[in-house]
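Single-structure report; data block below.
Residue numbers begin at 1 in each chain, while the letters A, B, ... track the order of the sequences.
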Amino acid sequence: MFALADCNSFYASCQSLFRPDLRGRPIAILSNNDGCVIARSKELKNLGIPMGMPYFELKPHIKKHNIAVFSSNYALYASLSARVHTVLESLALRSSVYSIDESWLDVTGIDAVQSFDSFGHHVRNEVFRHTGLMVGVGIAPSKTLAKTCQYASKRWPATKGVVALTDPIRIRKLLALQPIGEIWGIGRRLTAKLNVMGIETALQLADTDIRFIKKNFGVVMERTVRELRGESCIPMEEMVPAKQQIICSRSFGQRISEEHEMRQAICRYAERAGEKLRQEKQFCRHVSVFMRTSPFANEPQSSLSGTEKLLTATQDSRDIIAAAQRIIDRIWKPGFRYAKAGVMLNDFSPTRLAQLSLFDDQSPRPGSEALMSVVDKINQEGLGRIWFAGQGIEPAWQMRREMLSPAYTTRWDELPKAKIG
DNA sequence: TCTGGGGTCCTAGGACCC
DNA sequence: TCTGGGGTCCTAGGACCC
């Protein structure tokens, strides 16, 4: 049996946690660059503002509905997320973090002590008591069904935030009410394809012939269908799997047309990607760079990418930056207004050692590890910032975050203040 | 004027090998 | 004119997730 605990409107709740005056008001959280809406409070959802609405389309509604708008504040969300996960972890023998605001709990056998339903309420109360945040809880024999239950716990207030289902008849009743597009693992494309075949509810999908599904949609959807039937196919993951890819990409605050500006941006992303790589304690042998114009703009489009294989695996920012710059030498095309670019690292190994070719005389940089760890330490401990000159100082393309709230939980000078008396 | 970022897994097709 | 079968590895692209 699996339980899924998922925070209600997580980012919006993080904001209102330290601003009680915001409660009951519609709250919108914007993406990086203040581009579009990526999280909404219940009140904002009720206004019919969709996920992903561009900020400039939201603007006309702000005054009329008294909407509170925030730039994303990941320092705040990550810190509150850690608190929530710590509480959830303490409530079951086995658990795994699924996303910033969700965790799986293995609740097999818990019903020998208390009902799954009362366990779910216990989870809610504990998370609220320790963090001030609310979670919804879904409990079922497979992860896909637990997801479905968790949706139901949020959709119907009468459930009081907990839906636990073991009885096949009741499971079928719930599936009959769920459109396939809401099933975990069925996205937009597959929904359209299934609808054409006349399959519209989760129950219809669960009742479809399994061989037909496998033949037409592959093993992934086959697994989803089995899970909907109550057969657990996706196990708990106790170990955090090692990353296989690291990406650092951003949209620019202002379009880039000049090659030297693109080089600065790529330099910064390469450095940041290297920092993440070192945090993962990995070395990479594959560096890619991509850049593109805005697909929304009615203007000449360009989408460039290139990769370089390294002879020796590295985690040194200098190697990554150099490779990225060589890629730009190869792929750069002037005459476009680039909107976004990124650096991607692939092909990881836990050490620098790689198969050297017979005449390869590339030796690793001496002192690389020591230098990089000093750079990371300075940057991570808030002692200051140190960076490679290639990325420029206060460049115009830097991302916009004009409505940033304080980092209430991670910076001493931004702690919330309370007035007494 | 203004539309996010960071991941995973699977599959099909090509290169290459015996 | 005739032109196998099977395997591996790699990559690009497509689907999904939060």
Side-chain angles (χ1 to χ4, degrees), chain A residues 4 6-7 9-11 28-40 49-60 62 69-74 77-78 81 96-104 143-144 147 150-151 180-194 214-224 233-234 237 240-255 269 272-273 276-277 279-280 285-286 288 290 292-299 303 305-307 309 337 339-348 399-403:
Chain A
L4 177 67
D6 174 309
C7 295
S9 305
F10 181 58
Y11 294 173
I29 315 298
L30 302 179
S31 63
N32 276 339
N33 239 344
D34 295 339
C36 58
V37 176
I38 55 159
R40 304 162 295 160
I49 304 293
M51 191 78 155
M53 176 187 265
Y55 178 40
F56 67 86
E57 281 178 25
L58 180 71
K59 274 182 183 165
I62 293 177
V69 181
F70 292 95
S71 304
S72 341
N73 185 341
Y74 286 101
Y77 310 148
S81 166
S96 74
V97 172
Y98 179 60
S99 76
I100 193 161
D101 71 335
E102 292 165 277
S103 260
W104 297 104
K143 282 188 169 179
T144 305
K147 270 268 180 191
Q150 187 272 131
Y151 285 133
I180 49 171
E182 288 177 6
I183 300 170
W184 190 42
I186 310 286
R188 261 209 350 264
R189 300 298 180 107
L190 292 174
T191 300
K193 212 168 150 189
L194 287 163
K214 184 171 183 183
K215 187 158 166 267
N216 289 280
F217 296 93
V219 297
V220 177
M221 200 188 297
E222 179 195 358
R223 206 174 52 189
T224 299
C233 305
I234 308 171
E237 280 171 3
V240 181
K243 277 200 204 322
Q244 307 193 21
Q245 176 176 70
I246 284 170
I247 300 173
C248 180
S249 73
R250 292 280 180 285
S251 298
F252 306 126
Q254 267 177 40
R255 301 278 190 266
Y269 304 158
R272 176 74 188 114
K276 290 191 204 174
L277 185 66
Q279 268 167 28
E280 289 282 313
R285 262 173 306 206
H286 202 124
S288 314
F290 65 89
R292 63 162 174 76
T293 48
S294 167
F296 305 102
N298 184 19
E299 61 184 43
S303 175
S305 69
T307 71
K309 271 200 157 115
R337 295 170 67 238
K340 178 176 179 171
V343 171
M344 201 185 308
L345 308 179
N346 279 296
D347 197 2
F348 295 166
M399 88 175 167
R400 282 190 305 267
R401 293 165 95 190
E402 284 165 5
M403 290 149 288

### Query
Contact class for A/Arg255 vs. all strands (heavy atom < 4.0 Å): base, sugar-phosphate, or nothing?
sugar-phosphate

### Query
Of all residues at least two apart in sequence or in a different chain, which pass the side-chain contact (heavy atoms from CB on, under 4.5 Å) check with A/Ser99?
A/Asp101, A/Glu102

### Task
May I ask you to test the A/Val219-A/Lys214 pair for a side-chain heavy-atom distance under 4.5 Å?
yes

### Task
Mind checking A/Asn33 for me? I need base, sugar-phosphate or nothing, with any heavy atom below 4.0 Å counting as a touch.
nothing

### Query
Base, sugar-phosphate, or nothing for A/Lys59, non-hydrogen atoms under 4.0 angstrom?
nothing

Anything under 3.5 Å between a donor and an acceptor, one on a side chain of residues 247-254 of chain A, the other on a protein residue two or more places apart or in another chain? List them.
none

### Message
Return whichever of A/Ile247 or A/Ser294 has its heavy-atom-nearest nucleotide of DNA chain B closer to the 5' end.
### Response
A/Ser294

### Task
Could you check whether A/Glu57 gets within reach of a base, just the sugar-phosphate, or nothing at all, counting any heavy atom under 4.0 Å?
nothing

### For A/Arg255, side-chain contact (heavy atoms from CB on, under 4.5 Å) partners two or more places apart
A/Ser294, A/Arg337, A/Ala339

#### Entry: A/Phe56: side-chain contact (heavy atoms from CB on, under 4.5 Å) partners, not counting sequence neighbours
A/Pro54

### Query
What is the nucleic acid contact for A/Leu30, judged by heavy atoms within less than 4.0 Å: base, sugar-phosphate only, or nothing?
nothing

### Query
Just checking A/Lys193: base, sugar-phosphate only, or nothing, at a heavy-atom cut-off of under 4.0 Å?
nothing

### Side chains of A/Ile186 and A/Phe217 in contact at under 4.5 Å (non-hydrogen atoms)
no

### Non-neighbouring partners of A/Asp34 that pass side chain to side chain donor-acceptor pair (under 3.5 Å), sequence neighbours left out
A/Ser71

#### Entry: Pair assignment for DNA chain C - dot-bracket with | for other-strand partners, Watson-Crick or G-U under 3.5 Å
....||||||||||||||

### Query
If we only count heavy atoms from C-beta on, is the A/Tyr55 to A/Met403 side-chain gap below 4.5 Å?
yes

### Message
Any base atoms under 4.0 Å from A/Asp34, or only sugar-phosphate, or nothing? Heavy atoms, all strands.
### Response
nothing

### Message
By the 4.0 Å heavy-atom rule, please label A/Phe296 as base, sugar-phosphate, or nothing.
### Response
base

### Summary
Applying side chain to side chain donor-acceptor pair (under 3.5 Å) to A/Thr293 and not counting sequence neighbours gives A/Gln301

### Query
When all nucleic acid strands are considered with a 4.0 Å heavy-atom cut-off, which category describes A/Ile186: base, sugar-phosphate, or nothing?
sugar-phosphate

### Task
Looking at every strand, decide which applies to A/Arg337 at a 4.0 Å heavy-atom threshold: base, sugar-phosphate, or nothing.
sugar-phosphate

### Task
Select base, sugar-phosphate, or nothing to describe what A/Ile183 touches, counting heavy atoms under 4.0 Å on all strands.
sugar-phosphate

### Distance, P atom - from B/dT3 to C/dC17, rounded to whole angstrom
25 Å

### Query
Of A/Cys248 and A/Gly52, whose closest DNA chain B nucleotide lies nearer the 5' terminus?
A/Gly52

### Query
Looking only at atom C1', what distance separates C/dC18 and B/dC2, rounded to whole Å?
25 Å

### Task
Name all residues meeting the side-chain contact (heavy atoms from CB on, under 4.5 Å) criterion together with A/Thr144; count only those two or more places apart in sequence or in a different chain, and write none if there are none.
A/Ser142, A/Ile183, A/Trp184, A/Thr224, A/Glu227, A/Leu228, A/Ile234

### Query
Which two nucleotides bound the region of DNA chain B that has atoms under 4.0 Å from heavy atoms of chain A, read 5' to 3'?
B/dC2 to B/dT11

